Amino acid sequence: PCSLHVHTLYTHRHKDKHKDKELRHKEQKKDKEREKVKHSNSEHREHSDKKHRDKDKVKNFDGSGERHREKQDKDKRREEKVCFLKIRFFSGIVFFVLSSVLNYHLFHKHVVIHLVSGCRWEEERATDGSKWRFLEHKGPVLAPPYEPLPGHVRFFYDGKPMKLSAAAEEVATFFAKMLDHEYTTKDIFRKNFYKDWRKEMTSEEKSKITDLTKCNFTEMSEYFKAQSEARKQMSKEEKLKIREENERILQEYGFCVMDNHKERIGNFRIEPPGLFRGRGDHPKMGMLKRRIRPEDIIINCSKDSKHPKPPQGTRWKEVRHDNKVTWLVSWTENIQGSIKYIMLNPSSRIKGEKDWQKYETARRLKKCVDRLRAQYRDDWKSKEMRIRQRAVALYFIDKLALRAGNEKEEGETADTVGCCSLRVEHIKLYPKMDDQEYVVEFDFLGKDSIRYYNKMPVEKRVFKNLQLFLENKQPEDDLFDRLNTSILNKHLQELMDGLTAKVFRTYNASITLQQQLKELTSPEESIPAKILSYNRANRAVAILCNHQRAPPKTFEKSMQNLQTKIDEKQKQLSTARKQLKGAKTEHKASHGDGSKKMVEVKRKAVQRLEEQLMNLQMQATDREENKQIALGTSKLNYLDPRISVAWVKKWDVPIEKIYNKTQREKFAWAIDMAEEDYEF
DNA sequence: GATACGACTTGTATTTAATCGT
DNA sequence: ACGATTAAATACAAGTCGTATC
C-alpha cells in the first residue's frame, strides 16, 4: 500500500512539469544571472571571514534581496509586512513586568526602538550571527536526591535477604522499576546493567553478588507498584497540593527572559539518573545513566543578568555568556558522551523564527526543484561514478523522502541507515515484478529503528545504475560507496543557497499537503467531513515520510465501542424515521396545527440523528485509516503551518479542530501571517 | 579529506491531564 | 462522582548539518 500511495501522490509532478515549462526557462535564466552575481561576490570576499558569510546568509533569508534587483520591491513589501506581523506576534506573547527601575527603563527604550524602526533589533541580532542580546534564567531543576527504601522492602540474593549500600540500592531500584518491561529480559541490557551496577557496589557486595540471575528484585518492584497505586488513590487535596507545587516550580524555573520577552523554557529539568533505554538493537541499553551534579553543568546567560545560583555548597562547572547559541544550560551525558541542552519552548521567538525560516527555504526549493530534477536526471548518464551515485541518491531522497543518512560509529549505536548509508543488503532489484518493470524493493531500519519497506518502480536508467553500483559487492558493503552526506550537501549547497538533504523532506511534505487538500476538500461537505479530508491529506504526508506507529493496544476494543455506538445511533435513527412517518400520516389525516408542529419536531430529530450518525461514521473511518500511522510528527515538523491556516480560513473550519492549544502556540507566527490565499 | 564535536531538529515512548459515558 | 479512554505534555533518544582540527 505504501508504494501505491507514494506513486499516486507523485503523479501530479508530471502534470506540473508541462505547466512549468516556460516558467522553467525563465527560472534558469534567473539562476544563471544569480550564479554570476554570486560568483563575483565570492571573488570579492575571497579573503572575507566567516562573519561576513553569515551576514550574507541571514540577509538572503530576510529577503533584503540585494542580489536580485527584480525582486527587490516585492521583497521589501514582504519584509515590511513581516516586520509588522512580527510585532503583532511578539506583542501577543505576554509581556513580563520588570521589577528593577533600571530594567524598566531599558525595557521601554527597546520597545520604543522596536516600534519606531520596525524590527530593528531583529536585524541587529541577525547580522552578526548572535541569537540574543539579553538572557536571564534561574538555571535547571536538579533531579531529586535518592531516597533509600524503607526497611521492610528487601532485596534477595540467592534466596536470602541482603541489605545493599545506598549507591548499589539506588541502581538496583532502577532495574526493579523496569522489571515488567521487555528490556530486562534482553541479554545486552542485563549484561550492561550488571557491569555498571557492580561499579556502584562496595567490595563486600561485589564479592557476594556474582550472578544477576540470582538477584531477586520483586519485593522492590512490588513496592514501587504499590507507591504508584497509592499516588492514584490520593485525596483531592493532596493531589491539588502536588499540582500547586509543580505549578510553583514551573513559574520559577520554567521561564526565562530573552530580549524583552518572558519565554517558556522547553525542558528545565535535568534528566534524572536511570538505566539507558536505547531504541532498537542498541549495544548500550541497560547502562547506567549517571546523576548530573551542579559541577557537571554549564550555565549560559547574559553577563549583565542575574546569574542562576547553584545549590548551597556546590558550584557550576562553568558560567558562560555565549550569545551565538540558543541554549541556557548544558551538560555532557555519560552514555554516548554527547551534550544535552536546556532550550526554549517551540512557542518562543527564537524557535518560531527558525521554523519559519525552514519553510521559507523549502519554498525556495519549490521555485527551482524542476531545474534540480532535470539536473539529477541528466547526471544519471554521467561518466563519473561519484556523480551517478550522487544523482541516484538524490532521486531517492526526493522521490521517497528518505533521510540523508550520516555515517555512525559502529558498535556505539543501533545499526540504522538513511539514504547515503544504505547498504547492498537493503535493496533488491526486480527487472520484472507482476505487471511492473524495474522495481526496487527497499527494506531497512531507519531512524529509531523503524522499518522502511517499500517497492517502487524506477526509471530504466536508475535501475541500470543500481545494477552497476551493486557489482562485485558484498551485502554489507555500501550501496553508494563514493558518496556521503557531506559530499551530497556540498553539492546541494551549490545548487541552491541553504539547500540540504532534509529540505526535500520538508518541501515534499508541505507540497503534498497543499495538493492533497486541494484535491480532497469539497466545498459542500460538512465540517466533520472537511476535517476527515484534512486528516487524509495529513495521512498522505505521514505515509510519505514513513511515520508509522504500533497499533494502540486497545485499538480493536475502541473500534468496537465506536461501532456499537454507531449501531445504536442507527437504531435510534430508524425509530425516529418511523415516528416521522407516523406523524406525517397523522398530519395528512388531520391537517391540524398540532400535528404539523409534531411533524416538524420529528423531522428535526431525524436530521439531528443523521448528523450525529455521520459524524460517528466519519470518526470511525478516520480512526481506522489511522491505525498504523502517526500524524503528529509530520504536523509538527514538516507541514508549513500556513497551508493549514489558509485552508482553515478558506473553509471556515475552527482552527482548534486542526491545532490544539500547544500547536497553536507553536504556530502563532503562521496563524498571524497566513491569509486564505496563502500558497506554499 | 577524515574525524570529532557542538548545536539544533526530528521522532517515539511514557507519563499526566482532560474528556467521556455511566 | 467515578473509572475508563483518549489526548496532550513530557522525556529523552536519535537524527542532521556546520565547523574545527589534524
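Note that this is a predicted model, so its numbers are computed, not measured. Here is how names work: the chains are called A, B, and so on, in the same order as the sequence lines, proteins then strands, and each is numbered from 1.
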Counting just side-chain N and O atoms, does [X] come under 4.0 Å of either OP1 or OP2 of [N]?
X: A/Asn406; N: C/dG15; answer: no
X: A/Lys447; N: C/dA13; answer: no
X: A/Asn637; N: B/dT9; answer: no
X: A/Lys408; N: C/dG15; answer: yes
X: A/Asn267; N: C/dA11; answer: no
X: A/Arg277; N: B/dT14; answer: yes
X: A/Lys131; N: B/dC8; answer: yes
X: A/Arg623; N: C/dA7; answer: no
X: A/His547; N: B/dT12; answer: no
X: A/Lys358; N: B/dT10; answer: yes
X: A/His181; N: B/dA13; answer: no

To the nearest Å, give me how far apart [atom1] ([X]) and [atom2] ([N]) are.
X: A/Ile531; N: C/dA7; atom1: CD1; atom2: P; answer: 13 Å
X: A/Ile487; N: B/dA2; atom1: CD1; atom2: C1'; answer: 11 Å
X: A/Asp448; N: B/dT9; atom1: CG; atom2: P; answer: 17 Å
X: A/Leu488; N: C/dC17; atom1: CG; atom2: C1'; answer: 12 Å
X: A/Leu402; N: C/dT16; atom1: CG; atom2: C1'; answer: 14 Å
X: A/Asn626; N: C/dT6; atom1: CG; atom2: C1'; answer: 13 Å
X: A/Lys177; N: B/dA13; atom1: NZ; atom2: P; answer: 22 Å
X: A/Lys232; N: B/dA17; atom1: NZ; atom2: C1'; answer: 14 Å

Closest approach to the side chain of [X], judged atom by atom: which nucleotide of [options] is it?
X: A/Trp327; options: B/dG11, C/dA13, B/dA7; result: B/dA7
X: A/Arg320; options: C/dA13, B/dG11, B/dA7; result: B/dA7
X: A/Glu271; options: B/dG11, C/dC17, C/dA13; result: C/dA13
X: A/Arg403; options: C/dC12, B/dT9, C/dT16; result: C/dT16
X: A/Ile450; options: C/dG18, C/dA13, B/dT12; result: B/dT12

Check every strand shown and say whether [X] touches a base, only sugar-phosphate, or nothing at a heavy-atom separation below 4.0 Å.
X: A/Ser338; result: nothing
X: A/Lys490; result: nothing
X: A/Thr413; result: nothing
X: A/Tyr341; result: base
X: A/Arg505; result: sugar-phosphate
X: A/Pro272; result: sugar-phosphate
X: A/Thr500; result: sugar-phosphate
X: A/Gly278; result: sugar-phosphate
X: A/Ala501; result: sugar-phosphate
X: A/Arg264; result: sugar-phosphate
X: A/Gly632; result: nothing

By nearest nucleotide on DNA chain B, pick out whichever of A/Leu636 and A/Glu407 is the more 5' one.
A/Glu407
Residue mapping more 5' on DNA chain B - nearest nucleotide basis, A/Asn484 or A/Asp322
A/Asn484
Would you say A/Ser644 and A/Lys635 are linked by a side-chain donor-acceptor pair, where the criterion is simply a distance under 3.5 Å?
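Not at all, the side chains of A/Lys635 and A/Ser644 share no donor-acceptor pair under 3.5 Å.
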Between [Y] and [X], is the closest basic N to carboxylate O distance under 4.0 Å?
X: A/Arg482; Y: A/Glu384; result: no
X: A/Arg231; Y: A/Glu238; result: no
X: A/Glu263; Y: A/Arg349; result: no
X: A/Lys289; Y: A/Asp196; result: no

Looking at side-chain heavy atoms only, is the closest gap between A/His321 and A/Cys301 below 4.5 Å?
yes
Side-chain contact test, heavy atoms from C-beta onward, threshold under 4.5 Å: evaluate it for A/Asp296 versus A/Thr332 and give yes or no.
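No, every pair of side-chain atoms sits at 4.5 Å or beyond.
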Take A/Arg642 and A/Trp356 through the test side chain to side chain contact (heavy atoms under 4.5 Å, CB included) and record every step on the way to the result.
CA-CA 10 Å; A/Arg642 290 168 294 183; A/Trp356 174 45; 3.3 Å; yes
Closest-nucleotide ordering on DNA chain C, the 5'-leading residue of A/Lys340 and A/Gln663
A/Gln663
Looking at A/Lys502 and B/dT10, is any side-chain donor or acceptor paired with a base atom of the opposite kind under 3.5 Å?
no
